Amino acid sequence: NVNILDNDQKYINQIPEWSLEYKTFELSFNNRVRLRSFKHFILTDLNGISILQCGKIDNNTYALDFQNPLAPIQAFVIGITSVINKITC
């Protein structure tokens, strides 16, 4: 889990759940994301409200959804850093 502190707010990565059907860990994107990938992540506040989610839609296409308190550039940098870091690993 990654914790980000900003203006006394704390954000955490949502923990994926094990899928017996696909034998892999999954996050729920409510049909927004179509492919399974270890690059997916959802950042939530302590109340479980999603403030940033990044997931794979197609082979080279990702969805990046965000809301306040993140600015567009912050969401983009977090998303692209995560995807690039996982590609190089």
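If you're wondering where the values come from, they're calculated on a predicted model, not measured in any experiment.
- Phe29 meets the ring pair (Phe, Tyr, Trp, His ring centres under 6.0 Å) test with His40; sequence neighbours excluded.
- Side-chain atoms of Asn47 do not come within 3.5 Å of backbone N or O of Ile49 as any donor-acceptor pair.
- With rounding to the nearest 0.5 Å, the separation of OH in Tyr62 from CD1 in Ile57 is 10.5 Å.
- Rounded to the nearest 0.5 Å, atoms CG (Asp45) and CD1 (Ile51) are 7.0 Å apart.
- The distance from atom CD of Gln14 to atom OG of Ser28, rounded to the nearest 0.5 Å, is 7.5 Å.
- The CG atom of Asn13 sits 9.5 Å away from the CD1 atom of Ile42 when rounded to the nearest 0.5 Å.
- A distance of 11.0 Å separates CG of Leu52 from OH of Tyr11, quoted to the nearest 0.5 Å.
- Contact of the Leu43 side chain with the Phe66 side chain is not registered, since no non-hydrogen atoms from C-beta on lie closer than 4.5 Å.
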task: For Lys23 and Trp18, run side chain to side chain contact (heavy atoms under 4.5 Å, CB included): C-alpha distance rounded to whole Å, both residues' side-chain angles, the deciding distance at 0.1 Å, then the answer.
output: CA-CA 7 Å; Lys23 300 198 183 339; Trp18 182 255; 4.0 Å; yes
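- Considering all non-hydrogen atoms of both residues, Leu64 and Cys54 come closest at CD1-CB, 4.0 Å.
- With rounding to the nearest 0.5 angstrom, the OG1 atom of Thr44 is 9.0 Å from the CD1 atom of Ile15.
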